[in-house]
Amino acid sequence: MADPSSYRPGPGEIPDSPGVYRFRDEHRRVIYVGKAKSLRQRLSSYFQDIGHLHPRTATMVTTAASVEWTVVGTEVEALQLEYSWIKEYDPRFNVKYRDDKSYPSLAVTMNEEFPRAQVMRGPKRKGVRYFGPYGHAWAIRETVDLLLRVFPIRTCSAGVFKRAAAMGRPCLLGYIGKCSAPCTGRVTADEHRELAEEFCDFMAGRTGTYLRRLEERMREAAEEMEYERAGRLRDDIEALRRAMEKNAVVLADATDADLIALAEDELEAAVQIFHVRGGRVRGQRGWVTDKVEHVSTPELVESALQQLYGEERGEGVPKEVLVPALPEPADPVAQWLGERRGSRVSLRVPQRGDKRDLMATVERNAQQALVLHKTKRASDLTTRSRALEEIAEALGLDSAPLRVECFDISHLQGDDVVASMVVFEDGLARRSEYRRFQIKGFAGQDDVRSMHEVVSRRFRRYLRERERTGEWAVEEAVDGAGAPGDALRDEEGRPRRFAYPPQLVVVDGGQPQVAAARRAMDELGIDDVAVCGLAKRLEEVWLPGEDDPVILPRTSEGLYMLQRIRDEAHRFAIRYQRGKRSQSIRRSPLDAVPGLGETRKKALLTHFGSVRRLRAATPEEIAEVPGIGPKTAEAVAAALAGAAPPAPAVNTATGEVMED
């Protein structure tokens with residue numbers, strides 16, 4: 001624990017201007033990022049008597065070992081730089097909102113030739129129009145099903161679209177009038193895009209104009225005695241109105257706004273957001289955060305705004321944002337939102353009327369979300385704590401292993417041998433710390449040697465990191481073996497690979513694999529990390545040097561956690577191995593020809609029909625393909641002559657060798 005006075009800047013060193021500051025720990029990791037209108041006043045507040053600081057702030061300043069700052073021109077620049085650094089460094093003491101679920105949105109892929117309406121989750125993509133988020137995917141599908149009658153745009157996947165285009169026959173939706181069937185040319189790409197634009201306009205809240213247009217067309221059809229067409233238009237209008245009724249009108253003035261409410265206690269805070277478009281609630285989402293550092297309600301609101309709009313542009317930021325308390329100061333935040341939208345954004349606290357009533361509803365949702373989160377977390381935390389204690393007791397550890405790493409080996413009959421490392425902290429998967437390895441020390445299948453190599457490489461990287469940061473001196477040289485792409489990060493505090501040691505290493509296997517892992521760590525002088533193995537056959541837990549396994553009860557929470565960690569490592573290894581196998585399957589002898597790109601490869605295969613026929617061709621015949629010169633033709637012929645011909649295709653039903 002550091003004494004803040006040991007790294008306190010000298011008098012007059014801190015400038016009295018806007019800026020962003022970073023606290024770093026003894027390993028140069030950034031642990032806190034903040035901004036200030038006056039760096040001198042803000043940073044001075046951290047170096048007062050520790051007894052006067054909030055306990056969480058005191059923990060932060062005693063964990064830190066240094067502080068640095070960057071001066072900017074305005075408070076808006078400070079806000080932008082603070083957001084980018086929080087995203088980059090992921091500081092442990094900053095407020096981080098955890099989205100309680102991946103909310104689905106209705107997405108229209110306007111970046112495709114034939115836009116498609118579909119349910120999407122995860123980060124937003126460029127060129128895609130989003131509506132929502134919605135609480136449930138079925139709510140999106142119900143809405144789209146009603147609207148397809150009026151806006152019959154494509155909803156099928158790329159595979160279904162290509163198959164229908166090849167067959168010249170649309171799918172069922174095309175036959176029942178819920179798709180305009182652009183796959184078969186019923187409408188042109190421009191006509192289909194116009195339909196998609198109208199669909200997006202309707203979903204964006206511009207409903208009145210379109211309904212009036214349909215009603216006018218219905219009256220014209222009735223006057224011209226085209227009653228069937230008038231009846232279809234009447235049904236279209238009814239379908240649109242039913243779709244509109246699914247979103248209750250909450251604001252009579254067709255407002256576009258986001259309402260943000262907070263519920264908090266000493267340890268945690270919950271945020272709820274209602275997205276109102278055209279006066280109707282179009283989506284809802286919520287987050288929860290641990291209050292690692294002492295933060296006020298205005299600071300929580302500012303963090304929520306950064307989280308919500310940090311990646312948004314244009315219409316993703318509404319004209320009006322209603323909050324329970326204004327950030328201090330509010331003008332830079334409002335200006336930042338306006339820059340992201342491209343026009344003025346009103347940031348205020350509703351005082352009366354419909355908006356205040358709706359804000360009360362959002363606040364009730366936030367309170368319920370916080371209560372539900374605490375109930376779930378209490379249960380989960382109790383179970384995880386019990387599981388870790390059972391593991392510590394069974395393995396004879398001094399304390400519960402808060403960081404557990406598990407290794408697994410995967411291969412296909414000795415080919416494409418790979419390994420995985422998964423990390424669990426406090427009983428929860430930490431996917432950003434997962435790592436994968438290629439076995440490079442030898443060829444063939446040997447799980448024990450593979451385990452020794454992988455564990456050695458993992459802890460060599462750890463020792464190199466400790467030596468580099470000066471935490472301790474490594475007596476013998478450490479080589480640079482590591483997984484592909486395992487270069488160390490820079491010295492700016494960004495997360496580094498293999499920087500933190502585990503308290504427990506779990507290997508997928510029995511006695512031989514455990515012995516190999518222990519031997520690898522002993523060779524490197526690592527004696528403060530426990531090792532165990534979990535054998536699949538009887539779910540036995542093996543310890544180094546023991547002739548008999550540890551048997552945990554089948555109902556043990558500790559065994560269940562070890563199984564979950566082992567299964568996650570197995571899943572991650574299998575996924576990597578399958579990816580490498582698919583890459584090797586897709587390899588072609590043409591890949592070895594320098595300067596031969598995908599376009600000319602495709603031209604060669606199209607011209608000759610197969611690699612076998614291309615192999616039988618002379619350089620002169622190859623040079624006849626457009627874009628292939630004599631030198632390239634000779635290189636192609638040489639590459640194919642040097643490659644082993646594939647095994648002949650065999651009809652498994654008759655045993656007949658099939659020729660091209």
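FYI, the numbering just counts along the sequence from 1.
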Between Ser420 (side chain only) and Arg436 (backbone N and O only), is there a donor and an acceptor less than 3.5 Å apart? no
Give a yes-or-no answer on whether the side chains of Tyr309 and Asp258 include a donor-acceptor pair shorter than 3.5 Å. yes
Could you tell me whether the side chain of Ser45 and the main chain of Arg42 form a donor-acceptor pair under 3.5 Å? yes
Report the residues that fulfil salt bridge (Lys or Arg N to Asp or Glu O under 4.0 Å) with Asp567, sequence neighbours left out, ordered by chain and then residue number. none
Is Leu395 close to Ile391 at the side-chain level, that is, under 4.5 Å between some pair of heavy atoms? yes
If you draw a 6.0 Å radius around CG in Asp49, do more than 12 non-hydrogen atoms from other residues or ligands fall strictly inside? yes
Would you call Leu106 and Tyr130 a side-chain contact if the rule is heavy atoms closer than 4.5 Å? no
For Arg430, enumerate each residue passing the salt bridge (Lys or Arg N to Asp or Glu O under 4.0 Å) test, keeping only those at least two apart in sequence or located in another chain. Glu425, Glu433
What residues, two or more places apart in sequence or in another chain, satisfy side chain to side chain contact (heavy atoms under 4.5 Å, CB included) together with Glu389? none
Of all heavy-atom pairs linking Leu552 and Gly558, the shortest is CD1-C, 4.4 Å
Looking at residues at least two apart in the chain, or sitting in another chain, which of them share a salt bridge (Lys or Arg N to Asp or Glu O under 4.0 Å) with Asp447? none
Step by step, would you call Tyr46 with Tyr21 a ring-ring contact (aromatic ring centres under 6.0 Å, His included)? CA-CA 12 Å; Tyr46 288 104; Tyr21 55 91; 5.8 Å; yes
What side-chain donor-acceptor pairs closer than 3.5 Å can you find for residues 503-515, not counting sequence neighbours?
from	atom 1	to	atom 2	distance (Å)
Gln503	OE1	Leu402	N	3.3
Gln503	OE1	Arg403	N	2.8
Asp508	OD1	Lys536	NZ	2.9
Asp508	OD2	Lys536	NZ	2.4
Gln511	NE2	Glu546	O	2.7
Gln513	OE1	Gly510	N	3.2

Does Ile526 reach the side chain of Tyr462, with side-chain heavy atoms less than 4.5 Å apart? yes
Okay, side chain of Asp426, backbone of Leu428: is any donor-acceptor separation there less than 3.5 Å? no
Looking at CG of Leu534 and CG of Leu562, how far apart are the two atoms once the value is rounded to the nearest 0.5 Å? 6.0 Å
Ser5 meets the side-chain hydrogen bond (donor to acceptor under 3.5 Å, both in side chains) criterion, sequence neighbours left out, with Asp3
So that I can tick it off, tell me whether Arg24 and Glu68 are bridged by a salt bridge, with the cut-off set at under 4.0 angstrom between side-chain N and carboxylate O. yes
The criterion is side-chain hydrogen bond (donor to acceptor under 3.5 Å, both in side chains); which residues satisfy it with Arg564, sequence neighbours excluded? none
Nearest heavy-atom pair of Pro350 and Leu322: which atoms, and what distance? CD-CB, 4.0 Å
Could you pull out the closest heavy-atom pair between Pro401 and Leu388, with the gap in Å? O-CD2, 3.5 Å
Quick test of your reading of the model: are Glu557 and Arg384 salt-bridged, counting only N-O distances below 4.0 Å? no
Do you know the tightest heavy-atom contact between Val454 and Ile409? CG2-CD1, 4.3 Å
To the closest 0.5 Å, what do you measure between CZ (Arg29) and OG1 (Thr63)? 10.5 Å
Val349 versus Pro324: any side-chain heavy-atom pair under 4.5 Å? no
If you measure from CG on Asn94 to CD1 on Ile31, what distance do you get to the nearest 0.5 Å? 9.5 Å
Looking at Arg575, I want to see if its CZ is surrounded by more than 12 non-hydrogen atoms of other residues, nucleotides or ligands under 6.0 Å. no
Any residue meeting side-chain hydrogen bond (donor to acceptor under 3.5 Å, both in side chains) with Trp336, in chain and number order, not counting sequence neighbours: none
Are any non-hydrogen side-chain atoms of Ile260 and Val362 less than 4.5 angstrom apart? no
Test log, rule side-chain contact (heavy atoms from CB on, under 4.5 Å), inputs Leu305 and Val333: CA-CA 8 Å; Leu305 293 172; Val333 179; 3.6 Å; yes
Evaluate the side-chain contact (heavy atoms from CB on, under 4.5 Å) criterion for residues Trp542 and Asp548: first the C-alpha distance (whole Å), next the side-chain angles of each, then the deciding distance (0.1 Å), finally the verdict. CA-CA 7 Å; Trp542 289 91; Asp548 298 315; 5.7 Å; no
Mind checking what makes side chain to side chain contact (heavy atoms under 4.5 Å, CB included) contact with Asn365, not counting sequence neighbours? Gln272, Phe274, Gln284, Thr361
How long is the span from the CE atom in Met120 to the CD atom in Gln118, to the nearest 0.5 Å? 4.0 Å
Is the distance from the ring center of Tyr576 to that of Phe437 below 6.0 Å? no
Glu328 versus Ser296: any side-chain heavy-atom pair under 4.5 Å? no
On a heavy-atom basis, the closest approach of Arg518 and Val529 is NH1-O, 2.9 Å
Kindly write out the residues that satisfy side-chain hydrogen bond (donor to acceptor under 3.5 Å, both in side chains) with Thr297, not counting sequence neighbours, or none if the list is empty. Glu264
Could you list the residues that satisfy side chain to side chain contact (heavy atoms under 4.5 Å, CB included) with Ala520, not counting sequence neighbours? His452, Val455, Ser456
Any donor-acceptor N/O pair, Glu390 side chain to Ala387 backbone, under 3.5 Å: no
Evaluate the criterion side-chain contact (heavy atoms from CB on, under 4.5 Å) for residue pair Ile551 and Glu540; output intermediate values, then yes/no. CA-CA 6 Å; Ile551 306 297; Glu540 304 161 329; 3.9 Å; yes
Taking side chain as C-beta onward, heavy atoms only, is Gln306 less than 4.5 Å from Glu82? yes
Looking at the rings of Phe424 and Tyr434, which for Trp means the six-membered one, are their centres under 6.0 Å apart? no
For Val418 and Ile439, what are the C-alpha separation, side-chain angles and deciding distance, and is it a side-chain contact (heavy atoms from CB on, under 4.5 Å)? CA-CA 6 Å; Val418 299; Ile439 302 303; 5.9 Å; no
At their closest point, which heavy atom of Trp287 faces which heavy atom of Ala304, and how far apart are they? CZ3-O, 3.9 Å
Side chain to side chain contact (heavy atoms under 4.5 Å, CB included) with Arg8: which residues, sequence neighbours excluded? Phe47
OG/Ser410 to CD1/Ile574 distance, rounded to the nearest 0.5 angstrom? 3.5 Å
Honestly, is Arg22 close enough over Trp69, meaning NZ or CZ under 6.0 Å from the six-membered ring centre and within 45° of the axis? no
Rounded to the nearest 0.5 Å, what separates atom CZ in Arg457 from atom CZ in Arg435? 13.0 Å
Side-chain contact, heavy-atom cut-off 4.5 Å: Pro327 with Leu347? yes
Taking Glu453 first and then Arg460, would you say they form a salt bridge - that is, a charged N and a carboxylate O separated by under 4.0 Å? no
